[in-house]
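Only one structure is covered here, and it is reproduced in the block below.
Below, each value reflects all heavy atoms present in this structure, side chains not excepted, and no hydrogens, waters or symmetry copies. Small disclaimer: the values here were computed from a predicted structure and weren't measured.
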Amino acid sequence: KTDQKASIGKIFEAVTFCIILVVVSKIIFFNLFNIIDKNPSLIYLIFPLLIWVALRFDIRGSTLFVFVTTTIAISGTILGKGPFRYGNLSDNLLLLQIFIGAVALTTLVLSVASAERKKTIRALLRERNEDEALLESLGEGVMAIDRDGIIIHCNSAAEDMLQVPAEETLGRRYDTVLLLEDEKGNRIEPLERPLEQAFLGKTFRTTVTTNQTYYYVKQDKTRFPIALTVSPIFMDKKVVGVVNIFRDITADKEIDRAKNEFISVASHQLRTPLSTIKWHMDLLRSDHTETLTKNQKEHMKEVYESNERMIDLVGTLLSISKIEMGTYVQKKTKSDAIQIIRDTLRDFKEQITSKGLSIQEHFEGEIPPVAIDPKFMRIVFQNLLSNSIRYSRTRTHIQISIERQDSLVLLKITDHGCGIALKDQNSIFKRFFRTEKARTLKPDGNGLGLYIAKFVLDQVGGRIWFVSKEDKGTTFFVTFPLARA
C-alpha cells in the first residue's frame, strides 16, 4: 500500500509539473500577454523548472520534459512569437537551438548527477539495513558510542539484557545506562572502565578476560555477569567512537560453579587414600629398607614419588576450586618478602643442587613489608622458582632481585632455560596451559602454577608479566603493594 501511494503521488507530481511547464513555456515562447516584450529576462524562468525536473525525475522524465519544452519553443519561434522572432527564421532557429541546447545540457547533466546520488543513497541505505539486520541477529549486546560518550546505537539483545528500550538509551551518556560493578558490588571507577580506556586511545582493542568478573546493572537494579569486548574506532589516529559488545555469562558461571564443586569433592575424596598410601610407604621405607633388593628399593622410590606428585596435584586442584568458588580468602597481614624468598630457596635446595644451579641474589637496601598474606606470597614465589629450576639448563644460574619502586616492591626472577615461544606467550597464564617445549622437557606438569600466581596477585593489587626469548631464558616481573604503616 505504501508503494502504491508513492506511485500515485509521483504520477500526480509529474502531471502537475507537466501542466506548469506547458503553461510557462507557452507564456515564454508564445509571448502571451506580451510578458517577454515587457521583461525579456523572464525567458530564464525555464531553468529553475527544468532543474526541478532533473532533481525530482529520472533521465527519461527529464528528456521527456525537455522535449515538450523544445516542441513549444520551436512552434512559437516558427509562428514569429516569443523571444527569438526579431531576425529571419533561420537565424531565429539557430539562436533557439543554442538556447535549448544549453537548457537540455544543464537538465540532463543535473539529472545524471541526481540519479547517481540517488543510486549511492540507495546503496548506503541497503548496506545500513544489512548492518542493522546483522547487529539485530547477534546474541551479544552491541552498543555504539560516539566521541562524546553518547549512545548512538543499541541492538535488541542489549535492550533485553539491560531491560531498557532502545529509544530510552539513544542520545544518553553511556555511563548512565551501562552501570559496571565488580563481584563485590562496588562501582568500577571511571578511569578503570574498559570503555574509558578505549576513549583514551590506550589500546586498539580491549578484551576483558581477567579473573575478575564484571557485572552490568539492569533497570530493576538486579545484575548479571558479562564477558566484555570494547573496540575503539579510529579516524586520522583519533578515537571517534567505541563499540561495546557484551554477553551474559550467567549460565557459564553456573557451569563453572558446578564443575568447581565437583573438583572440590573429588579432590577431597582422593586426599584420604593418597595420604594412606603415603603413610604406609613411609613405614615401609623406614622399617624394611635393609631387607629390600636394589630393584625393589627403586620401585618403592618410584611409587613414593608418583604418590607425592598426585598429592601435589590434588592440593593444586583444591586450591583452584577454592579460588574459583571465592572461598580462597587472604588474611590482611604483612609479609617480609626477603625472608619468604630465602625460606623458599631452602625448600628447593635439593633440586637446585642436583642440577648444578647457582642462585644470584640482588636485594637492594631495606625492603619494607608488603601487603599480602605470607602463605600466598610463598605460593607465588614457589611457582615461579619451581618453573625456573625445572626449565633451566644444568650448571647455569638463576638471578633473583628485589627492590622498592615508590609504593611497590618489584621482584625479578631470571633463568637461562628453554624460554617461551612467541606463539605461546599470550596463553601462559591460562589454566592448564603448557607450552610444547615444557611438555617435552617435563611431562608431569599440570599448567596451573602461573594461573594461581596471577590470581593471587590480582587479588592484592599486584601484577605479573614476563620477557622471554625461546632457547635463551625468561625473566618474570612481579609487583607487590607495600603494606600501610
Applying ring pair (Phe, Tyr, Trp, His ring centres under 6.0 Å) to Phe381 and not counting sequence neighbours gives none
Exceeds 12 heavy-atom contacts within 6.0 angstrom, atom CG of Asn426: no
message = Taking CD in Glu436 as the centre, count heavy atoms belonging to other residues, nucleotides or ligands within less than 6.0 Å. Is the count above 12?
response = no
Main-chain N/O of Arg390 paired to Lys355 side chain as donor or acceptor, under 3.5 Å: yes
What I'd like to find out is whether the side chain of Phe363 reaches to under 4.5 Å of the side chain of Arg342, using heavy atoms alone.
yes
Just by modelled atom types, is the Gly241 backbone N or O under 3.5 Å from a matching donor or acceptor in the Asp146 side chain?
no
Practice task
Answer yes or no: is there a donor N or O on one side and an acceptor on the other, between the side chain of Asp236 and the main chain of Lys238, under 3.5 Å?
Solution key: no
Requested in this report: Considering only NZ, NE, NH1 and NH2 on the basic side and carboxylate oxygens on the acidic side, decide whether Arg404 and Glu366 come within less than 4.0 Å.
Outcome: no
- Quick one: are Ile413 and Asn387 in side-chain contact, heavy atoms under 4.5 Å? no
**Study point:** Side-chain heavy atoms of Thr229 within contact of Ser231, under 4.5 Å
**Key:** yes
Quick note, salt bridge (charged side-chain N to carboxylate O under 4.0 Å, His left out) partners involving residues 470-483, not counting sequence neighbours, are Lys437-Glu470, Lys437-Asp471
Thr435 side chain to Ala438 backbone, donor-acceptor under 3.5 Å: yes
Using a cut-off of 6.0 Å, state whether more than 12 heavy atoms not belonging to Arg393 lie near its atom CZ. yes
Taking Arg193 for its side chain and Ile188 for its backbone only, find out whether a donor-acceptor pair lies under 3.5 Å. yes
Practice task
Spell out, as yes or no, whether a donor-acceptor pair under 3.5 Å connects the side chain of Thr396 to the backbone of Ser392.
Solution key: no
- Around atom CG of Asn186, are there more than 12 heavy atoms of other residues, nucleotides or ligands at under 6.0 Å? yes
Quiz item: Do the side chains of Arg173 and Asp148 get nearer than 4.5 Å, heavy atoms only?
Solution: no
### Over 12 non-hydrogen atoms of neighbours within 6.0 angstrom of CD in Glu350
no
pair Leu228-Asn244: side-chain heavy atoms closer than 4.5 Å
yes
When Thr479, Thr475, Ile428 are each screened for side-chain contact (heavy atoms from CB on, under 4.5 Å) with Trp465, the one that passes is Thr479
Arg172 with Glu167: basic N within carboxylate O range, under 4.0 Å: no
Practice item. Go through the side-chain N and O atoms of Thr213 and Lys253 and say whether any donor and acceptor fall under 3.5 Å apart. Key: yes
Can you tell me how the ring of Tyr216 sits relative to the ring of Phe246, calling it parallel under 30°, perpendicular over 60° and tilted otherwise?
perpendicular
**Q.** Atom NZ of Lys301: over 12 foreign heavy atoms under 6.0 Å
**A.** no
Problem - Donor-acceptor contact present, side-chain Asp182 to main-chain Lys184, <3.5 Å - result: yes
message = Would you say that Tyr214 contacts Pro225 through its side chain, given a criterion of any heavy-atom pair below 4.5 Å between the two side chains?
response = no
Check whether any side-chain heavy atom of Arg147 lies under 4.5 Å from a side-chain heavy atom of Val239, and answer yes or no. no
### Message
When you measure from the side chain of Arg434 to the backbone of Lys442, do you find a donor-acceptor pair of N or O atoms at a distance under 3.5 Å?
### Response
yes
**Message:** For Tyr451 together with Phe429, are the ring centres under 6.0 Å from each other?
**Reply:** no
ask   = Are side-chain N/O atoms of Asn155 and Glu159 paired as donor and acceptor at under 3.5 Å?
value = no
| query | With a 4.5 Å heavy-atom cut-off, do Leu482 and Asp406 have their side chains touching? | reply | no
- prompt: Does the Gln425 side chain pair with the main chain of Ile420, one donor and one acceptor, at a distance under 3.5 Å?
  reply: yes
